[in-house]
Structure formats: C-alpha cells, structure tokens
Number of protein chains: 2
Amino acid sequence: MRIGELAARLGVNPKTIRFYEARGLIPDPVRLPSGYRDYGPEDESRLAFIKTAQRLGLSLDEIGEILAFKERGERPCSYVLSVLDAQLSDIDRRIGELVRLRAELVTLKDRADQLLSGDACYCGIVEHAGRMSQMITR
Amino acid sequence: MRIGELAARLGVNPKTIRFYEARGLIPDPVRLPSGYRDYGPEDESRLAFIKTAQRLGLSLDEIGEILAFKERGERPCSYVLSVLDAQLSDIDRRIGELVRLRAELVTLKDRADQLLSGDACYCGIVEHAGRMSQMITR
DNA sequence: GTACGCCTTCCACTCGGATGGAATGTCAAG
DNA sequence: CTTGACATTCCATCCGAGTGGAAGGCGTAC
C-alpha cells in the first residue's frame, strides 16, 4: 500500500510517516517502479506500535531505542522495564494530582454557579481561586 | 526578594520567570530603586500554582485563562463557566486515559517480569507490545 | 576602586514533533 | 491527451516552552 493509505489507516499525516522514516524509526520501505513507497502490514503494525508507545508517553528517541533492540535481536527487557517503571510512577503521580485539581475545579465551579444564580455578587470565584491555589500547591 | 532567590526557591530558571511575565502569567513586579524586580510571597505562590498546573498537563494558555479570572475580578459569566467546564471534562478525559494506560502498563510489566525470570527469552516484551497496542487502543 | 555575582534588556536559538509549500513526477478515468 | 488525485524531494515554518548570550548596570567585600 502507498503512503496515503497507510497514513489514513493510522490516522496520521503522510508527512509524519516520512518524518519517522527520516528519524530511523521505520525502515526505508520498498519502492514501486514509480518511486512511490510501498508498505506492508508489518509497517502498519510498527507504526501502530510507535503511536501507542507515544500515547504511553515515550519520546520518539525512547521508542527508537526499543525498536533498535528488536532490530538487533537483543533483549531489551530490562531497558524497557526501566522505562515502563518510570512511566508508571509518573502516571501515578499525575493521576493523583489531576484528581486533586479536579476536586478544586468542581468546588470552584459550584461556587460560580451559586454566585451566578444569586444576587449582588462581584466575584467570589476570585477569592476561591486563591484558596484553590493554596490547596493545590499544598 | 529578587528574581534569583524566587527562581531558586521554586527550582526554576530566572529566565523562565521573566518569560512568564512577558506572557502575562504573572503581573509586572514592583521594582527596586536599582531596577531589579522585587517579589513577594504572593508571587511565589502564584508561580507555584503555575508550575503545579503545568505538571498536571495544562498549557500556559490554559493556566493564563484560569489566572485571568482572578485578575479581572469579573462576575462569573457564562464564558468563565464554560472554560471551567472545558477544563473539567478535559481533566476527566485525561484521568480516564491515564487510568487505562496504567492498567495496561501493569499488565505489560507483569508479563515482562515473567518473561525475564523465565529462560530462553529474546524479547517477549516487544511482541507483547503488539498485543498491548491492541488492548490499549481498543 | 575593582572584582565578582547578580541584575537588566533584547534578540536569537534550542528542542521535539511535526506540517506547509513549491516544484515536479506518476497514473487511472473521462 | 488532459485532468485530478496522489506521490516525490527539499526546504521552511510552526508550536510550546523555554534557554543562551551579549552588552551593560548595580552593589557589596576586600
């Protein structure tokens, strides 16, 4: 399949695929007589892997390292594991923080709703934002 | 306190503080007779808030909008509420994604641990990554 | 009084991750 | 045989979030 189709299947820009090729993340593909890149299913799954890993928070360099291990037939396990461990604890931290921020925003919004329906209000939301800041950064 | 001390307290580069000022995220500070910026505790907590929000994945623009509520001292209008709502649902979405990714990472890591302790492992983790990809993107 | 560290402004550059656009080539359908 | 969609290369630009460096001012310690 040509680059446009591959890109469409994965929901990415064809330029992105060429960009990954230039970065060495995907191998130089076979070319059709026309010079067009010709991709197969392995390319699709490789690209899917890249996109997944990216969603997991890995940088293109990290992904490249993992793929390179695979290329060389080496055991990337411990490296991958350490990356995974780091990602995991980072995610835990972020979830905790988001949950806290969420609670604060909800409170803030509730106040705002009340104030909207109430009369004679300037902006209690403002004072609350101050408290929010303290709570969040506590 | 001067910019260097404030920066040190927060573990950021003084340039970053000037950058935030230029972006309108923090108010133009009082100046000492020397022309040096002079910061107080409110500046420190505001900066701390920015950094926290940033760790949570908010962009500087989003943070700016939130801080602008405070600045403008406006009544909570529907625009403000809609921004808050957007922020909230975005946070919910991100929490959901992170929770899912966390579960997948744990599974992946468990597999990897097994494979590591077993013998004759090239890199099952990579092959499992393919399955992982399916699981996550399901 | 000069050395040294911190401060000022301004402009340019970095970095990761793409994207845009120009100029040109390929190919199937009308 | 031309039109249109898609492809190619190469170079430039964008975005967010800073960071670097030059040229010069301030302030305290020796």
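Throughout, protein chains are lettered first and strands after them, A, B, ... in sequence-line order, and every chain is numbered starting at 1.
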Per-nucleotide protein contact string for nucleotides 19-25 of chain D (B base, S sugar-phosphate only, - none; heavy atom under 4.0 Å): SBB---B
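Heavy atoms of A:R37 sit under 4.0 angstrom from primed sugar atoms or phosphate atoms, though from no base atom. Here B:L32 lies out of heavy-atom contact (under 4.0 Å) with every strand. Backbone-only contact: A:L60 has heavy atoms under 4.0 Å from sugar-phosphate atoms and none from a base. Here A:R2 lies in heavy-atom contact (under 4.0 Å) with sugar-phosphate atoms only.
In this structure, CZ of B:R31 is placed 13 Å from P of D:dG27, rounded to the nearest angstrom. The distance from atom OH of B:Y39 to atom C1' of C:dC6 is 14 Å, rounded to the nearest whole Å. Between A:I26 atom CD1 and C:dA18 atom C1' there is a gap of 14 Å when expressed in whole angstrom units. Residue A:I50 contributes atom CD1, which lies 13 Å from atom C1' of C:dG17 at whole-angstrom precision. Between A:L10 atom CG and C:dA18 atom C1' there is a gap of 16 Å when expressed in whole angstrom units. Distance B:R18 CZ to C:dT8 C1': 7 Å, rounded to the nearest Å. Between the CG atom of A:L25 and the P atom of C:dA18 there is a distance of 10 Å, rounded to whole Å. Between A:I17 atom CD1 and D:dC6 atom P there is a gap of 14 Å when expressed in whole angstrom units.
The hydrophobic side chain of B:V30 is isolated, with no ILVMFWY side chain under 4.5 Å apart from it.
Under 4.0 angstrom from either OP1 or OP2 of D:dG18 there lies at least one side-chain N or O belonging to B:Q54.
Closest approach of B:K51 and B:T16 over heavy atoms only: NZ-CG2, 4.4 Å. Nearest heavy-atom pair across A:L25 and A:I63 is CD2-C, 4.4 Å.
Atom CZ of B:R37 sits about 9.5 Å away from atom CD1 of B:I17, to the nearest 0.5 Å. The distance from the OH atom of B:Y39 to the CD atom of B:E21 is 5.0 Å, given to the nearest 0.5 Å. Annotation: the span from A:K15 atom NZ to A:I3 atom CD1 amounts to 10.0 Å, rounded to 0.5 Å.
With contacts defined as side-chain heavy-atom distances shorter than 4.5 Å, the pair A:R2/A:L32 qualifies. Annotation: side chain of B:R46 is not in contact with side chain of B:E42 (no heavy-atom distance under 4.5 Å). Counting heavy atoms from C-beta on, the side chains of A:L60 and A:F19 come closer than 4.5 Å.
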N/O to N/O distances under 3.5 Å, protein versus nucleotides 12-15 of chain D:
none

